[in-house]
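Working notes, beginning with the structure itself.
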Protein chains: 2
Amino acid sequence: MTDVADAVLTPRAEQTRAAIVAAALDLYRERGYDAATMRMIAERAGVSTGNAYYYFGSKEELIQEFYSRNQAEHLAACREVLATETDLTARLRGTVRALIAVMAPYHEFAATLYKYAAEPASPLSPFSPQSSPARQASIALYREVVEGSKARMGADVRERLPELLWLYSLGITLYWVHDRSAGCERTYQLIDATVEVVGQLVSASRLPVLRKALSDLLRVVDLLSP
Amino acid sequence: MTDVADAVLTPRAEQTRAAIVAAALDLYRERGYDAATMRMIAERAGVSTGNAYYYFGSKEELIQEFYSRNQAEHLAACREVLATETDLTARLRGTVRALIAVMAPYHEFAATLYKYAAEPASPLSPFSPQSSPARQASIALYREVVEGSKARMGADVRERLPELLWLYSLGITLYWVHDRSAGCERTYQLIDATVEVVGQLVSASRLPVLRKALSDLLRVVDLLSP
DNA sequence: GTCTATAGTGGGATAGAC
DNA sequence: GTCTATCCCACTATAGAC
């Protein structure tokens, strides 16, 4: 690990760094992750391979750039639904659909990428400490999905639901990377079907019969988080 | 892909193949997946690296051997609970606890391994066509968990529950590979907490209020399977 | 601090002779 | 079926130019 990581960069360095990132993302989209070698990326960026490694300690580290780009685009893509819609199910559907739409151009790339994200020890894992800021940002988005809705629920549910919805979005993403249907229509079907269930379960969460199962479930979330 | 895959082997070839597998599993346990190079594996097996590649098209392919070994051990480890217990929750708890117990010696190895299983295109993915026999066998086991219980449920639930439980076991496994607690106690806590929820949800599934959410949920499973 | 050039390590995987 | 030899890759090391 000899890269400059998150240090403050001079304008010149920033430019070089950006060139490497752009070249990498281009090549990933064009030829996939494995076929895009560090030699190619450096060459297209107009720098030496050694210089590329000066900025990014490994080929994997470049993937983080894909993440942050996506996170920003997703936020922008949700803004409208979250500003206008008040139904919880509709807000959730809009948010998760936007997530998939934003990632769509990188469908194939995302598939090979999951390989690295799934490794528990990897900094690319969504559960890793390195991913904590991105994770918190995502959960905050789902908190906005919940808070901006007119749905009524218990305080305990309201507290934990954003995390659960974030986990839910991971599940949808996992399905999406496996989805080979045209235009990923099956993923959209899955979203439409599951957001309905989520909405109904949230409503049902106020029923006394489900109280026990619910508090058990929330205890599980406690187990998952800290 | 130039390996001999599932072709019928002469006794001599069978012996060579077995030696390679044994060397690989030993080295994986001793030093982990990445540190066990194909050169090492071949050397310990007493063959050339080229010969190892004659039997296994890639390093990843050797992992399949770990899977089949595990599947067999898990089946054996569940037999007692499934023969004696009739409560659905208890049957499920016993089965999933057995799964984790069987994999325990390979905890570290399994973590690095998940990297390959998570890649959708990989034959190692639990959803891949190549994994279909193993998947069917697993689902059959969870069907036995359901069928052997005295729990009452609708025909539609009974039909789809085994698949759901298999997915559930994948989720537990995913948590387990991330679990760094001593003796993986947190995973066992998670199992104990979630099997209760599952049992309660199955009971609750007969309530009319949940009918709509339930049929939606089952439709989701349809979407996931075929 | 930013970058080049180059030489080298050791890994997965393959070709082709035997 | 088995080997030897080889390829190309990610990645490292280093010496030095600007």
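Chain A is the first sequence line, chain B the second, and so forth, proteins listed ahead of strands; every chain is numbered from 1.
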Nucleotide [N], atom [atom2] - distance to [atom1] of [X] in whole Å:
| X | N | atom1 | atom2 | value |
| --- | --- | --- | --- | --- |
| Glu60(A) | dC9(D) | CD | C1' | 15 Å |
| Arg31(B) | dG10(C) | CZ | P | 14 Å |
| Met38(B) | dC9(D) | CE | P | 20 Å |
| Glu61(B) | dG12(C) | CD | P | 15 Å |
| Lys59(A) | dC9(D) | NZ | C1' | 9 Å |
| Asp34(B) | dG10(C) | CG | P | 17 Å |
| Tyr53(B) | dG11(C) | OH | P | 11 Å |

Discussion item. Less than 6.0 angstrom separating the ring centers of Phe66(A) and Phe109(A), yes or no?
Written reply: yes
Worksheet item: Could you give all pairs that pass the side chain to side chain donor-acceptor pair (under 3.5 Å) test and reach residues 19-31 of chain B, with sequence neighbours left out?
Response: Asp26(B)-Arg29(B), Glu30(B)-Arg44(B)
Worksheet item: Any salt bridge between Glu163(B) and Arg143(B), counting N to O under 4.0 Å?
Response: no
Item to complete: Keeping the roles fixed (side chain from His107(B), backbone from Trp176(B)), state whether a donor-acceptor pair exists under 3.5 Å.
Response: yes
Worksheet item: Does any N or O in the side chain of Ser169(A) come within less than 3.5 Å of the main-chain N or O of Trp166(A), such that one atom is a donor and the other an acceptor?
Response: yes
Worksheet item: If you count the non-hydrogen atoms of other residues, nucleotides and ligands that lie under 6.0 Å from CD in Gln71(B), is the total more than 12?
Response: yes
Heteroatom pairs (N/O) under 3.5 angstrom, protein to nucleotides 1-4 of chain C:
unit_1, atom_1, unit_2, atom_2, d
dT2(C), OP1, Thr10(A), OG1, 3.3
dT2(C), OP2, Tyr54(A), OH, 2.9
dC3(C), OP1, Thr16(A), OG1, 2.3
dC3(C), OP2, Tyr55(A), OH, 2.0
dC3(C), O5', Asn51(A), ND2, 3.4
dT4(C), OP2, Ser48(A), N, 3.0
dT4(C), OP2, Ser48(A), OG, 3.2
dT4(C), OP2, Asn51(A), ND2, 3.0

Fill in: Any Arg39(A) side-chain nitrogen or oxygen under 4.0 Å from OP1 or OP2 of dA10(D)
yes
Discussion item. As a test of reading the structure: which of dT12(D), dT14(C), dG11(C) is closest to the side chain of Thr37(B), going by heavy atoms?
Written reply: dG11(C)
